[in-house]
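Taking it in order: structure first as structure tokens, then the write-up.
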Protein chains: 2
Amino acid sequence: MEYTFLRDLAIIIIFAKCFGIVARKLKAPSVVGEIIAGLLIGPSFLGLVDQSQFLVMMAEIGVILMMFSAGLETNLKELIKTGPVALAIACCGVFIPLAGGTLLYWGFYGMAPMGSHEFYKAIFIGVIMTATSVSITVQSLKEMGKLKGKVGTTILSAAIIDDVIGIIVLTFVIGFENPDSNPGQVVINTVLFFILAIVVGFVLYKIFNKLDKRYPHTRRIPILSVGLCFALAYVAEEYFGIADITGAYVAGIILCSVKDHDYIEEKADIASYMIFGPIFFTGIGLKTDFSTLDLSILLFSIGFVGVALITKIVGCGLMAKICKFSAHDSLKIGIGMMTRGEVALIVSQKGLSVGLLDPIYFTAVILLIIVSSISTPIMLKILYGKDKVPEEA
Amino acid sequence: MEYTFLRDLAIIIIFAKCFGIVARKLKAPSVVGEIIAGLLIGPSFLGLVDQSQFLVMMAEIGVILMMFSAGLETNLKELIKTGPVALAIACCGVFIPLAGGTLLYWGFYGMAPMGSHEFYKAIFIGVIMTATSVSITVQSLKEMGKLKGKVGTTILSAAIIDDVIGIIVLTFVIGFENPDSNPGQVVINTVLFFILAIVVGFVLYKIFNKLDKRYPHTRRIPILSVGLCFALAYVAEEYFGIADITGAYVAGIILCSVKDHDYIEEKADIASYMIFGPIFFTGIGLKTDFSTLDLSILLFSIGFVGVALITKIVGCGLMAKICKFSAHDSLKIGIGMMTRGEVALIVSQKGLSVGLLDPIYFTAVILLIIVSSISTPIMLKILYGKDKVPEEA
């Protein structure tokens, strides 16, 4: 037996955590530190770790667990209550960046004929821009005591719906791009999968709820949940041609109303951040290849960050204004929704694995995460600081 | 990318947990259920999962995490206090089964010349018998409220020392067996490793203690600990020719006096039981090959169980009697020490991977675990039931 994988694990975990801590100290998100750790230990710099099949699989498990957690965090009741307005904001906040990203790619590399591989590559740049990660916004609002306000609730709900729509768009784009598939089949497959998810999901929800009531807070609940998560990820990928992360996310949604959902999430989360998460984020760094980085890519990255931020602010803000928010509050919603994080990386990773994204564009995504994560809290603070009267509750 | 590994994970986790639950209902240890799950889904029966390189690596991570947890659970202070008596009992309880197992093998297959491969295979049967797993004893004593008594404390301490001696014996046997190595080198390597472990361990302990005092109960503590565990496992295996599980166990001992050691253990434990543990235990089942099972192996297994139980009772009980325990309490200590569990499997697994054990003997080990786990609680209950005066505290 080869034991190199133990060395890889030790190096990845220790470097990722240390750089993550440094990133946090510098007010950047810790994932940025982990990605930089990956760059450093990878072939471009220190050459301590080589990407291996084992690490790729471990990273995939990491993504699956993260998407499962994201699904588990969903509050279906809250979602339905704040529904219509949040839905409108989320839709606008998905489709305007989607269009913006596509146009940006066309602007740089010219428009490709519809249905061609290049065409889908352009759309994929837009898809990456759709995914909001509001954890930084949530943290900032919490610190200011504004999370439970109308703006805060709307941002949270819109962000969840944003995730769902983003996943659906991702599913369609990946499905359409496959040269063997015809668009009709993709739509049918996707619809079938979601019908299956609802039917089987309802049965599974009942089973887990019963299990949970009889044996609350026992190990079996999170363990069987994770088993279900892997099963749905596999079924989605293998039988419906849908991304495994979609399956994992759906598994999370199925279980998000089980009473012990936070208990499940805690355990899945620990399994993820102890080992798999760091492998995923350093893996991004390991794959990022600076040797092909040139001025054109650099310019594209700057354009990418600008378009991604502005389209979210405009998309969400405009719709908020239409939904009768004040101009000031609409701006807050737009700014709150503009942060990107793990999900953008997960989507990029998926694009890479199906051939819709070149690894060189990871630079743009990482830059977007850094810029948005740093600027959002600052801008929110300024906006809330200007409030003269307390915000409507 | 192949997605079969997701299916494997889903099947393993769900089957392992369900069979584990059934085993517990039948008063057998849950690991037995997980092993049977592995047998069932493996090539001999349903053929749902094939052993793959990925699963082997995941199982190895599982063992490493389990040994790390075992090290973390060590209470060094308690160990030093009850020291001499527990040490004497543990030593006797290691070497008598070691001799018994070796003699059993010789009795069945004849004695091989000293230093030959067959010779070490015989000794290895003894090595498997050395490892006590007192978790079931602890649970039984706890239920009867006898854990804090003199007998309980002695059993616990002896069991920990038993682990340490067992690991040392394992290290030497594996080292000696390697045809390229000379015995002197093995002794030197082992001594060097333990010196390194003490020196580096002391420095690391200081660092972790400082880190822990400044940032108690933060993620970084368990994450970096697990990183250290993998690093030591790798260094032991690669540079000293010592089993990786020894390295992981030592990493646990290094950190067992850090204030947050139970916090670290909790997190490592969750990571282990959510995914890696089930893969390890079902892996045992996947590997067990019944096609070569014949009468001779069956007889050997029965002999193995008998010798393993009797030698532990005699070894520990006799020494307890010499150390001035009453005959009745000595018997309790002997019975309390006779349970075998995960560690016996981990040692067997190690023997398999270095070629010192044929997979066919797993049957004997599994039988030993089942029989000892079921009979110990019953016998302890009977023995404590006979107590007329309350046990000395």
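Reminder, nothing fancy here: chain letters follow the sequence lines and each chain counts from 1.
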Give the member of A/Pro222, A/Ala231, A/Gly20 that has the highest number of heavy-atom pairs under 4.5 Å with chain B.
->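 Answer, by heavy-atom pair count under 4.5 Å with chain B: A/Pro222.
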
Relative to the ring of A/Phe54, is the ring of B/Phe54 parallel (under 30°), tilted (30 to 60°) or perpendicular (over 60°)?
->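 Judged by the thresholds at 30° and 60°, the geometry between B/Phe54 and A/Phe54 is tilted.
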
Identify which of B/Ile223, B/Ile13, B/Leu9, B/Ile64 forms the greatest number of heavy-atom pairs closer than 4.5 Å to chain A.
->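 Looking at each of B/Ile223, B/Ile13, B/Leu9, B/Ile64 in turn, B/Ile223 comes out on top.
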
Selection from B/Ile61, B/Asp8, B/Leu228 maximising heavy-atom pairs under 4.5 Å formed with chain A =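 So the answer, after comparing B/Ile61, B/Asp8, B/Leu228, is B/Ile61.
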
Would you mind checking which part of B/Phe15 comes under 4.5 Å of any heavy atom in chain A, side chain (CB onward), backbone (N, CA, C, O), both or neither?
->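 Contact with chain A is absent: no heavy atom of B/Phe15 under 4.5 Å.
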
What part of B/Ile275 gets closer than 4.5 Å to chain A, counting heavy atoms only: side chain, backbone, both or neither?
->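 It is the side chain, since no backbone atom gets that close.
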
Output yes when B/Asp269 and A/Arg219 qualify as a salt bridge under the 4.0 Å nitrogen-oxygen rule, no when they do not.
->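 The answer is yes: the pair qualifies as a salt bridge.
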
Distance-only polar pair, side chains of B/Tyr205 and B/Asn209, donor-acceptor under 3.5 Å =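 On atom types as modelled, these side chains qualify, holding a pair under 3.5 Å.
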
Structural part of A/Ile21 lying under 4.5 Å from a heavy atom of chain B |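 Answer is side chain: those atoms of A/Ile21 sit under 4.5 Å from chain B.
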
Test salt bridge (Lys or Arg N to Asp or Glu O under 4.0 Å) applied to A/Glu237 and A/Lys350, step by step | CA-CA 12 Å; A/Glu237 189 74 57; A/Lys350 195 71 220 168; 3.4 Å; yes

Cationic tip of A/Arg7 within the cone over B/Phe230's six-membered ring, i.e. under 6.0 Å and within 45° of the normal?
->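 Because its charged atom misses either the 6.0 Å distance or the 45° angle limit, A/Arg7 does not stack over B/Phe230.
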
